[in-house]
Amino acid sequence: MIKAIFFDIDGTLIADNGKAMASTRAAIKEARKQGVLCGVATGRGPVELEKVIDYLDLDMFITYNGQFVYTKQNLIYAKPFSKNILEEIVAYADENYRQVMFGGETKVAGSLTIRLSQSPVMQRYLRFVPKKFPVGVLKKLLQRFSPNRNAKRYQSLDILREPIYQCIMLSPESEKEKLKQKLPSCDFKRSNAYSVDIVPKKGSKMKGIHEFLAYEGIAIEEAMAFGDHENDIEMLKGVGIGVAMGNAQQVAKTAANYVTASNNEDGIAQALKHYGIIE
């Protein structure tokens, strides 16, 4: 019996227009009436999250790729970077003129370019960028013509005086091995071809899900997850039922127990009906 459902946001919970489908709203409302806890498992942080998820009424929030987990009433789990590791990330960003954003509990700060790219409007536009777009060229142009090419750009940010749970860096997929080599105490989660989420080692959506389920006394077999991208694979494999959206990457579909319709075609409602969670 499923007792908790976790939804990725972009490409899953919301359609390409940045809104939750009417069928999704109705399905979640019905599932919650049946006593099933529903929430998000996302790389996004708590800041303005309600706007991003189109003000859906949800029970739990696995944010910053599992590093910050809470309900509307309680903070359940919080795992920020250690001071030393954060200093390594800041030094790497400054030395390599990298666009980077730092995520805290109540605010984010850093690269304006990345903050704009994280907006729901920009996310909708990015879906229409060709898959083979030369992101490496884009990265170099943004770095070269950045108005903030000073060597100590990030070290003076006020947000670095508070706990940081995730960093987002402008970086193409081709730099994956370089980042692992330069920042060995971090893990890297990717939900698009243009930027990478950086979290403490062993951090993941699945880790956050484990923390929430332990808090609620729910078995992993009683959990369900929906996703569409590479950073959803671990949770799709790790829960009792993993559902990939019809628009998902092939690697996510392979990891799932079931592939539903797309985020634009009532995929969430279809899967919940398929498993008998709603009528």
Side-chain angles (χ1 to χ4, degrees), residues 4 6-10 37 39-50 52-53 58-93 100-110 114-115 118 154-155 157-169 171 176 179-180 182-191 195-220 223 225 227 229-239:
F6 303 88
F7 302 96
D8 171 54
I9 295 178
D10 299 295
L37 298 174
V40 293
T42 178
R44 291 180 177 274
V47 182
E48 296 187 332
L49 184 59
E50 284 192 346
V52 175
I53 60 177
L58 299 173
D59 299 295
M60 64 282 196
F61 307 87
I62 315 298
T63 64
Y64 286 140
N65 282 298
Q67 303 311 292
F68 197 81
V69 179
Y70 62 99
T71 66
K72 292 178 180 178
Q73 295 78 32
N74 299 303
L75 175 62
I76 295 172
Y77 176 74
K79 179 65 182 297
F81 287 104
S82 68
K83 181 179 179 181
N84 291 341
I85 294 174
L86 186 60
E87 287 175 351
E88 290 177 4
I89 297 171
V90 172
Y92 180 85
V100 64
M101 184 169 68
F102 304 93
E105 178 178 351
T106 61
K107 63 181 179 180
V108 295
I114 297 180
R115 272 183 286 171
Q118 294 290 301
Y154 293 113
Q155 293 184 14
L157 286 176
D158 288 340
I159 196 172
L160 297 181
R161 298 188 181 95
E162 60 185 74
I164 300 299
Y165 299 94
Q166 178 173 272
C167 301
I168 303 175
M169 184 176 291
S171 173
K176 179 165 59 175
L179 286 174
K180 287 182 179 180
K182 297 295 184 180
L183 299 170
S185 298
C186 301
D187 274 342
F188 306 91
K189 312 296 179 181
R190 189 175 290 276
S191 60
S195 65
V196 63
D197 299 342
I198 306 174
V199 297
K201 200 72 175 178
K202 297 184 179 179
S204 68
K205 291 182 180 182
M206 194 64 224
K207 170 62 176 173
I209 288 173
H210 273 299
E211 294 292 337
F212 175 79
L213 294 178
Y215 178 82
E216 291 289 342
I218 298 173
I220 193 68
H229 215 280
E230 178 184 334
N231 67 334
D232 298 318
I233 291 174
E234 186 179 355
M235 72 172 182
L236 292 178
K237 287 183 175 180
V239 297

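Numbering of residues begins at 1 and proceeds along the displayed sequence. All values below were derived from every heavy atom in this structure, side-chain atoms included, with hydrogens, water molecules and symmetry-related copies excluded.
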Is the shortest side-chain heavy-atom distance between [X] and [Y] below 4.5 Å?
X      : Y      : answer
Tyr215 : Val69  : no
Ser185 : Phe81  : no
Met206 : Val239 : yes
Leu49  : Ile9   : yes
Lys201 : Ile85  : no
Leu86  : Cys167 : yes
His229 : Asp10  : no
Arg190 : Ser171 : yes

task: From the options Glu234, Gln166, Arg44, select the one residue that forms a side-chain hydrogen bond (donor to acceptor under 3.5 Å, both in side chains) with Asn65.
output: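 Only match with Asn65 under side-chain hydrogen bond (donor to acceptor under 3.5 Å, both in side chains): Gln166.
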Quick one: [atom1] on [X] to [atom2] on [Y], what's the gap to the nearest 0.5 Å?
X      : Y      : atom1 : atom2 : value
Lys180 : Asp187 : NZ    : CG    : 8.5 Å
Lys83  : Ile164 : NZ    : CD1   : 13.5 Å
Cys186 : Glu88  : SG    : CD    : 7.0 Å
Leu58  : Ile53  : CG    : CD1   : 4.5 Å
Ile233 : Glu230 : CD1   : CD    : 6.0 Å
Phe102 : Ile159 : CZ    : CD1   : 8.5 Å

Please report the closest heavy-atom contact between [X] and [Y], naming both atoms and the distance.
X      : Y      : answer
Gln67  : Gly203 : NE2-CA, 3.0 Å
Gly104 : Tyr64  : O-OH, 2.7 Å
Glu211 : Ile76  : O-CG2, 4.0 Å
Leu213 : Ile220 : CD1-CD1, 3.5 Å
Ile218 : Ala4   : CD1-CB, 4.1 Å
Ala93  : Val100 : CB-CG1, 3.7 Å

query: For Lys202, does the NZ atom have more than 12 heavy-atom neighbours from other residues, nucleotides or ligands under 6.0 Å away?
result: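 Counting neighbours around NZ of Lys202, 12 or fewer heavy atoms of other residues, nucleotides or ligands fall under 6.0 Å, so no.
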message: For Lys189, is the NZ atom crowded, meaning more than 12 foreign heavy atoms sit under 6.0 Å from it?
response: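 Atom NZ in Lys189 is crowded, with more than 12 foreign heavy atoms closer than 6.0 Å.
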- prompt: Please walk me through it: do Phe212 and Thr71 pass side-chain contact (heavy atoms from CB on, under 4.5 Å)?
  reply: CA-CA 9 Å; Phe212 175 79; Thr71 66; 4.0 Å; yes
message: Assess the residue pair Phe188 and Ile198 against the criterion (side-chain contact (heavy atoms from CB on, under 4.5 Å)); give the C-alpha distance rounded to whole Å, side-chain angles, the decisive distance to 0.1 Å, and a yes or no.
response: CA-CA 5 Å; Phe188 306 91; Ile198 306 174; 3.8 Å; yes
Quick check: does any side chain N or O of [X] sit under 3.5 Å from a backbone N or O of [Y], one acting as donor and the other as acceptor?
X      : Y      : result
Tyr165 : Val199 : no
Lys207 : Gly66  : no
Asp59  : Gly39  : no

task: Would you check, one step at a time, whether the test side-chain contact (heavy atoms from CB on, under 4.5 Å) holds for Phe61 with Thr42?
output: CA-CA 8 Å; Phe61 307 87; Thr42 178; over 6 Å; no
message: Tell me whether Lys107 is salt-bridged to Glu162, with the criterion being a basic N under 4.0 Å from an acidic carboxylate O.
response: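 A salt bridge is present here (some side-chain N lies under 4.0 Å from a carboxylate O).
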Asp8 and Lys205: CA distance, side-chain angles, deciding distance, side-chain contact (heavy atoms from CB on, under 4.5 Å) verdict: CA-CA 9 Å; Asp8 171 54; Lys205 291 182 180 182; 3.1 Å; yes
